[in-house]
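Here is the structure we will look at.
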Amino acid sequence: MTKREPQVTKRELRIVSLLPSATEIVYALGLEDELVAVTHECDYPAAVRGKPVITSSVLPGNGSSAQIDRHIRRLVHQGSSIYALDAQRLESLRPDLVLTQELCDVCAVSYPIVERAVRRLDAATQLVSLEPESLDDVYQNITTVAELTNRADRAPALLDRLADRIRLVQQRVSTRPPRRTVCLEWVDPLYNCGHWTPGLVTLAGGEELLGTPGREARPIDPTDLMEARPEVVVVMACGFGLERSLREVERVDLPRVAGGAELWVVDGNAYFSRPGPRLVDSVEILAGILHPDLVDSPPPGVARRLR
């Protein structure tokens, strides 16, 4: 879902994105020249690395999954954000439009911090919160950003290309029964998957056994995973790339907990954690994992099968 205020009417905008997924939407719509600032996590496409950065993380950069989880729980309990926002620099950039989210305090600068910072700006500055719970919501967010930036004509072609790719995957996997699947968004402690991910599994030809569409990921017990008896377990650790996830999986001995299931690790940070255009890539990656004889297997740098 999307929360927004009245549409900005200016032709040329100054956009600040406080979400990697929103940054990817801005680029996909060809609005990169109007993007004046991003977060420290915005790394795609490569050209974004030249943009001013106005956030930082307070988390330890090299902590284990368990250490990071404890740190986040402590900060959330204290009512603190795990990200810092440079409000002074934000003010100096004079943005017309600030894109953020309220969905998850772990995924971006907390909304109250952003809201307080935007109140210090020109009264015409618009704060828009993108709240996707599904791939369809992501499509709607693309339309919303296009409309807010007076580029509504650019959204249909982009959405058609994304939808065509999804339809191709569905056509290829439709002849097979769904494979029993568990996706994990964290490994220590174990978290199931939530929000848009169960829907991606369905599109890719799977049946997600422990995740709930449109709901937050939640901690699960190892016995929950074993009793679900999945055919495939996919680790898509939120914020972790492939190599870091592989190290965490080895550290916690996840193969033992996963029982006899196929065990895959993917680059969750680049794909599954970001509700932007690359969720379509995520469906293709999952389909290649679940039905490798029907859909091309994902490249080694994106996913790896451990057994």
Side-chain angles (χ1 to χ4, degrees), residues 64-66 68-69 133-135 166 169-269 271-273 279 281-300 302-307:
S64 68
S65 294
I68 292 172
D69 180 73
E133 294 281 8
S134 66
L135 182 58
I166 293 294
V169 169
Q170 290 185 287
Q171 289 170 3
R172 291 180 174 177
V173 304
S174 63
T175 59
R176 301 289 175 81
R179 298 193 70 193
R180 294 170 56 83
T181 306
V182 169
C183 295
L184 300 173
E185 292 192 12
W186 203 248
V187 296
D188 190 11
L190 291 178
Y191 272 71
N192 69 353
C193 67
H195 296 308
W196 49 83
T197 302
L200 303 185
V201 174
T202 299
L203 292 171
E207 177 192 3
E208 169 56 48
L209 303 175
L210 296 179
T212 305
R215 301 289 295 275
E216 291 184 358
R218 58 176 175 80
I220 61 172
D221 191 86
T223 57
D224 296 330
L225 177 57
M226 291 185 283
E227 291 175 358
R229 300 175 64 184
E231 298 174 70
V232 184
V233 173
V234 184
V235 175
M236 45 184 67
C238 183
F240 281 7
L242 178 61
E243 294 303 322
R244 187 167 183 184
S245 293
L246 287 167
R247 292 195 297 270
E248 288 298 299
V249 166
E250 180 179 4
R251 188 180 61 79
V252 302
D253 192 19
L254 187 59
R256 177 185 59 81
V257 180
E262 291 179 21
L263 179 58
W264 285 81
V265 181
V266 300
D267 185 344
N269 181 56
Y271 298 97
F272 301 88
S273 301
L279 282 192
D281 298 67
S282 302
V283 172
E284 295 168 340
I285 291 165
L286 277 174
I289 288 171
L290 299 175
H291 302 283
D293 57 331
L294 302 175
V295 180
D296 290 341
S297 296
V302 170
R304 191 176 305 173
R305 182 176 176 177
L306 299 186
R307 70 164 183 222

I'd like to check Val201 versus Glu207 (side-chain heavy atoms, cut-off strictly below 4.5 Å). Are they in contact? no
Has Trp264 got a side-chain atom pairing as donor or acceptor with Val232's backbone, closer than 3.5 angstrom? no
Any donor-acceptor N/O pair, Glu248 side chain to Ser65 backbone, under 3.5 Å: yes
Side-chain contact test, heavy atoms from C-beta onward, threshold under 4.5 Å: evaluate it for Ser282 versus Met236 and give yes or no. no
Over all heavy atoms of both residues, which pair between Val173 and Ala287 is shortest? Give the atoms and the distance, please. CG1-CB, 4.4 Å
Out of curiosity, Glu208 CD to Leu200 CG, how far, rounded to the nearest 0.5 Å? 10.5 Å
Arg229 atom CZ, neighbour heavy-atom count above 12 within 6.0 Å: no
How many angstroms lie between CG in Leu254 and CG in Leu225, if you round to the nearest 0.5 Å? 7.0 Å
Got a donor-acceptor contact below 3.5 angstrom from the Glu262 side chain to the Arg305 backbone? no
Quick one: pull up CZ in Arg172 and CG in Asp293 and give me the separation to the nearest 0.5 Å. 11.5 Å
Please examine the side chains of Ile220 and Leu184, heavy atoms only from C-beta on, and report whether any two atoms are closer than 4.5 Å. yes
Of all the heavy-atom pairs spanning Ser245 and Ala237, show the shortest one and how long it is. OG-CB, 3.6 Å
Atom of Pro298, atom of Ala303 and distance for their closest heavy-atom approach: CG-CB, 3.6 Å
Below 4.5 Å, heavy atoms only, C-beta onward: do Asp221 and Asp224 meet side chain to side chain? yes
Can you measure from CD1 (Ile289) to CZ (Arg304) and round to the nearest 0.5 angstrom? 12.5 Å
Identify the two heavy atoms, one from Gln170 and one from Leu203, that lie closest to each other, and give their separation to 0.1 Å. NE2-CD2, 3.4 Å
Going from CG on Leu210 to OG1 on Thr181, what distance comes out if it is rounded to the nearest 0.5 angstrom? 10.5 Å
If only atom types and distance count, is the side chain of Arg244 paired as donor or acceptor with the main-chain N or O of Gly239 below 3.5 Å? no
Does the side-chain contact (heavy atoms from CB on, under 4.5 Å) test come out yes or no for Arg251 and Asp188, once each step is laid out? CA-CA 9 Å; Arg251 188 180 61 79; Asp188 190 11; 3.1 Å; yes
Worked verdict on Leu246 versus Leu306 for side-chain contact (heavy atoms from CB on, under 4.5 Å): CA-CA 9 Å; Leu246 287 167; Leu306 299 186; 3.7 Å; yes
Ignoring hydrogens and angles, tell me if any N or O in the side chain of Arg179 forms a donor-acceptor pair with the backbone of His291 under 3.5 Å. no
SG/Cys193 to CZ/Arg218 distance, rounded to the nearest 0.5 angstrom? 10.0 Å
Is the shortest heavy-atom distance from the side chain of Val257 to the side chain of Val233 under 4.5 Å? no
Flag the pair Ile285 / Phe272 as yes when at least one side-chain heavy-atom distance between them is below 4.5 Å, and no otherwise. yes
Taking the basic N atoms (NZ, or NE/NH1/NH2) and the acidic carboxylate oxygens, is any pair closer than 4.0 Å for Glu250 and Arg247? no
Quick one, Val302 and Tyr271 - any side-chain contact, counting heavy atoms below 4.5 Å? yes
Arg180 backbone acceptor or donor facing Glu231 side chain under 3.5 Å: yes
Determine the minimum heavy-atom distance between Ala228 and Val182, stating which atoms define it. CB-CG2, 4.4 Å
Look at the side chain of Ser297 and the backbone N and O of Pro292, then say whether any donor-acceptor pair between them is shorter than 3.5 Å. no
Glu216 versus His195: any side-chain heavy-atom pair under 4.5 Å? yes
